[in-house]
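Notes for the one structure printed next.
Atom set for the values below is all heavy atoms of this structure, side chains included, hydrogens, waters and symmetry mates excluded. Protein chains get the first letters and strands the later ones, always in sequence-line order, with residue 1 at the start of each.
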Amino acid sequence: MTLIGWAQIALVLACVVAAAVPLGRYMAAVAAGRVTFLAPVERVVYAAAGIDPRQAQGWRGYTLAMLAANAAGFLLLYALLRGQAVLPLNPQGLDGLTPWLAFNTAVSFVTNTNWQAYGGESALSYFSQMAGLTVQNFLSAATGMALALAVCRAFARSGVKDLGNFWSDLVRMTLYVLVPLSLLVGFAFVAMGMPQTLAPFAEATTLEGARQVIPLGPAAFQIAIKHLGTNGGGFFGMNSAHPFEGPTALTSALQIWSQQVIPFALALTFGAIVGDIRQGRALLLVMLAYVLAGTWAVYGSEAGGNPLHLALGIDAAQGNMEGKEVRFGQALVALFTATTTGASCGAVNAMFESFMPLGGLVPLFLIQLGEVLPGGVGSGLYGMLVFALLAVFVAGLMVGRTPEYLGKKVQAREVKLAMLAVLVLPAAILGFTAVALVLPAAVASIPATGPHGLSEMLYAYSSAAGNNGSAFGGITADTPWMDVTLGIAMMLGRFAYAVPVMAIAGSLAAKPRVAESVGSFPTHGPLFVGLLAGVILILGGLQFMPALALGPLAEHVSLLAGKTF
Amino acid sequence: MNGVLRPALAVVGMTTMLCGLALPLGFTGVAQLAFPVQANGSLVEREGTVIGSALIGQGFTGERYFHPRPSATVEADPETPGSTRAAPYNAAASAASQAAPTSAALLATLKERVAAEGAGPVPADAVTASASGLDPHISPENAAQQVANVAAARGVTPERVRALVVQHTEGREWGLFGEPRVNVLRLNLALDGLR
């Protein structure tokens, strides 16, 4: 670790927080319908779709609309991927995807997971990337933001069913937040070297006379929303480590900023909607603390280098460079890694598979903590609010009084639903991993032997259920078993989580909001920040410790003992 | 059910038209006008032929050129259908080694590569495979180690080659972000221009 490395980390995070403050307020204004500069476009959409944007929806209506939009998105994307060969903008003449891979990829992009079982440049046409994946990058992000807004309103309102209108939230978040930011960031990306063309792949004759095929495509715009929407599915196979997807260190820094800015800002949007910005700031501080801790752990483990390799006579100055690019440096790799896994993005600018055992444990653990640090756009906020409810419940147990959060009594129904939601992740991750590890068809996907093989499988299901999308890339992901079970894990992680959360929102909105009294537990101060961080660590993380001990921790000990596999 | 079916189909359809077609196509047009070089892949030409992209590494092997980092990219093996064989810097399919930190195979490979590099602590990037398999850069330390060999193969003084390396060493962006590095293709192009 170096001072200049930490200066890079500090500057990026400072820019995130500086932008999150106005963006958070702006999104609250958009949610309240006070931003109207695209009203004509909105009106066209509402008229064509038969939507009344002022129609109030209860939690059931809101959730049903969300599920319908996602189902329609899934069907369209599946059809596009299957029929790629006969659709336009396919200059390389690529075939359609197999049913398994098309199912996996469609689920993956609808659920904001963006797991890459496909290789972007070798499997997908320009049309599939643009009209298929890019569209879902917008829709899945806007879906998460809409759900988060509904949950925010549940805290702000009292004695009502109305959580807002899903369709107008979806349309407004897309038009007023995601589209403008994507255009802005996209142009910066092109200026920094990302391709944006419909021309076929370029052919070059190298200085030594060899033929080199250089893949191109309409990449920059898709990569902008890939990060802003915490989607993470790469245009190119090696994601943001590919020189076209991450041409410079500055692009990587801007990608980190893009992944974090909306989830962090949404915490402040929450504060604005409930009328107390300090509440949002408390959530933001918990998120920031974990991002910093994760970055520190990855940076420390990678910058030191691999003792087994250094013993061969390799200079330690650059750290562990297997699976890393020269231009980024270890500091930006560490911050990118903690960001992409804390934020449920899944883009990568280095290969986690080749990280040191503890360096690889950090992204895995950040996913398992529940994707709330800061989590995906929207999903991170509502996940964090579930943990906040559980934190006040724990505090209530300690002092023996009815827990309250923002003047809402937290009672048996909410706590049961919250527990149901937070159990989805361990059940899907550990359940599927356990089954996969005893099935020969699944184990065949693991190339590594020893504890690292277990880490690969555990990471795959953690990434899918956490809707992250990053991987220990050595695993063979495109087999019928992996495609289907990972697809199911993604759906559980997204929808089996969101539905109970929406039920909580429905129940909270109906309750009266009581005024704070001297006996209320303040949920904006350092005590609550510490409590919330602790609840996330214990509730989110503890159940994974045995699995982590058998995977990355066992590998770490083996490595220290000089054992290879 | 009709209450959600029509909005769902219409919203997905209209988002496809807007975010999937109109915006990316318009964006492509503006990008092509504003940043024609970058938008088309930063291609590098010499005497009218495309010799590569400034951002994509090439697998130089000759003694007269600086060598890039090891690359783990592969290509389809024409002899055994369904399997692949090593093809360094195959830009059509980016790939990493995906080797575990405790991989015995990686350790053996590194041992061979370090032995081939000769004496002294070897710069890590000279013996490890990059994440994309297409890393266009090497570290200045790595370049410095190759100067003597390249100069000898070309029959020029090491000083001239070293000066070229210094000239092609890029610093951190904004003096802060990333690492100092040398673009191998640009350096080798300049080498060919040495008289």
Measuring only between side-chain heavy atoms, which start at C-beta, is A:Gln318 closer than 4.5 Å to B:Asp125?
yes
Which bit of A:Phe328 comes within less than 4.5 Å of chain B, counting heavy atoms only: side chain, backbone, both or neither?
backbone
Answer whether the closest heavy-atom distance between the side chains of B:Asn183 and A:Arg327 falls below 4.5 Å.
no
Just by modelled atom types, is the B:Ala131 backbone N or O under 3.5 Å from a matching donor or acceptor in the A:Glu325 side chain?
yes
When you compare the side chain of B:Gln38 with that of A:Met194, does any pair of heavy atoms fall below 4.5 Å?
no
Is it the backbone or the side chain of B:Asp192 that comes under 4.5 Å from a heavy atom of chain A, or both, or neither?
side chain
Using non-hydrogen atoms only, which part of B:Pro70 is less than 4.5 Å away from chain A: side chain, backbone, both, or neither?
neither
Is the backbone of A:Met238 close enough, under 3.5 Å, to the side chain of B:Ser94 for a donor and an acceptor to pair up by distance?
yes
With a 4.5 angstrom heavy-atom cut-off, could you sort out which part of B:Leu134 is near chain A: side chain, backbone, both or neither?
both
Tell me, side chain or backbone of B:Arg64 under 4.5 Å from chain A's heavy atoms, or both, or neither?
neither
For the pair A:Gln212 (side chain) and B:Asn90 (backbone), establish whether a donor and an acceptor sit closer than 3.5 Å, ignoring hydrogens and angles.
no
Set of side-chain hydrogen bond (donor to acceptor under 3.5 Å, both in side chains) partners for B:Ser83, sequence neighbours left out:
B:Thr80
Any heavy-atom pair between the side chains of A:Ile4 and B:Leu176 that's under 4.5 Å?
yes
Any chance you could measure B:Thr102, atom OG1, to A:Glu555, atom CD, to the nearest 0.5 Å?
3.5 Å
Quick one: closest heavy-atom pair of B:Ala92 and A:Ser122, and the distance?
O-CB, 4.4 Å
Pair up each side-chain donor or acceptor in residues 12-27 of chain B with any protein partner under 3.5 Å, not counting sequence neighbours, and list the distances.
unit_1	atom_1	unit_2	atom_2	d
B:Thr15	OG1	B:Val11	O	2.6
B:Thr16	OG1	B:Val12	O	2.7

Contacting region of B:Thr49 [heavy-atom separation from chain A under 4.5 Å]
neither
Under 4.5 Å from any heavy atom of chain B - which part of A:Val179
side chain
Under a 4.5 Å heavy-atom cutoff, which of A:Phe565, A:Trp167, A:Phe472 has the most pairs with chain B?
A:Trp167
Does any backbone or side-chain atom of A:Gln222 lie under 4.5 Å from a heavy atom of chain B? Answer side chain, backbone, both or neither.
neither
Engaged part of A:Leu175 at the chain B interface, taking heavy atoms whose separation is under 4.5 Å
side chain
Side chains of B:Phe177 and A:Leu11, heavy atoms from C-beta outward: is any pair under 4.5 Å?
yes
Side chain from CB out, backbone as N, CA, C, O: work out which of these in A:Ala253 comes under 4.5 Å of a heavy atom of chain B, or both, or neither.
side chain
In sequence, state the C-alpha distance, the side-chain angles, and the governing distance for A:Thr197 and B:Gln32, and then conclude on side-chain contact (heavy atoms from CB on, under 4.5 Å).
CA-CA 7 Å; A:Thr197 172; B:Gln32 287 284 333; 3.3 Å; yes
Considering only heavy atoms from C-beta outward, does the side chain of A:Leu207 approach that of B:Arg46 to under 4.5 Å?
yes
A:Leu139 versus chain B, heavy atoms under 4.5 Å apart: side chain, backbone, both or neither?
side chain
With only heavy atoms counted, which part of A:Ile51 is less than 4.5 Å from chain B, the side chain, the backbone, both or neither?
side chain
Any side-chain donor-acceptor pair under 3.5 Å between A:Ser354 and B:Gln98?
no
Answer whether the closest heavy-atom distance between the side chains of A:Thr248 and B:Glu173 falls below 4.5 Å.
yes
For A:His452, is it the side chain, the backbone, both or neither that has a heavy atom under 4.5 Å from a heavy atom of chain B?
side chain
Non-hydrogen atoms of chain B under 4.5 Å away: do they reach the side chain of A:Phe166, the backbone, both or neither?
neither
Do you know the tightest heavy-atom contact between B:Pro101 and A:Asn306?
O-ND2, 3.1 Å
Are A:Lys324 and B:Asp135 within salt-bridge range, i.e. N to O under 4.0 Å?
no
Engaged part of A:Leu178 at the chain B interface, taking heavy atoms whose separation is under 4.5 Å:
neither
Would you say that B:Val127 contacts A:Ile314 through its side chain, given a criterion of any heavy-atom pair below 4.5 Å between the two side chains?
yes
Atom pair CG (B:Leu106) and CD (A:Glu322), whose distance is rounded to the nearest 0.5 Å
4.5 Å
Side chain, backbone, both or neither: which part of A:Ala317 has an atom under 4.5 Å from a heavy atom of chain B?
neither
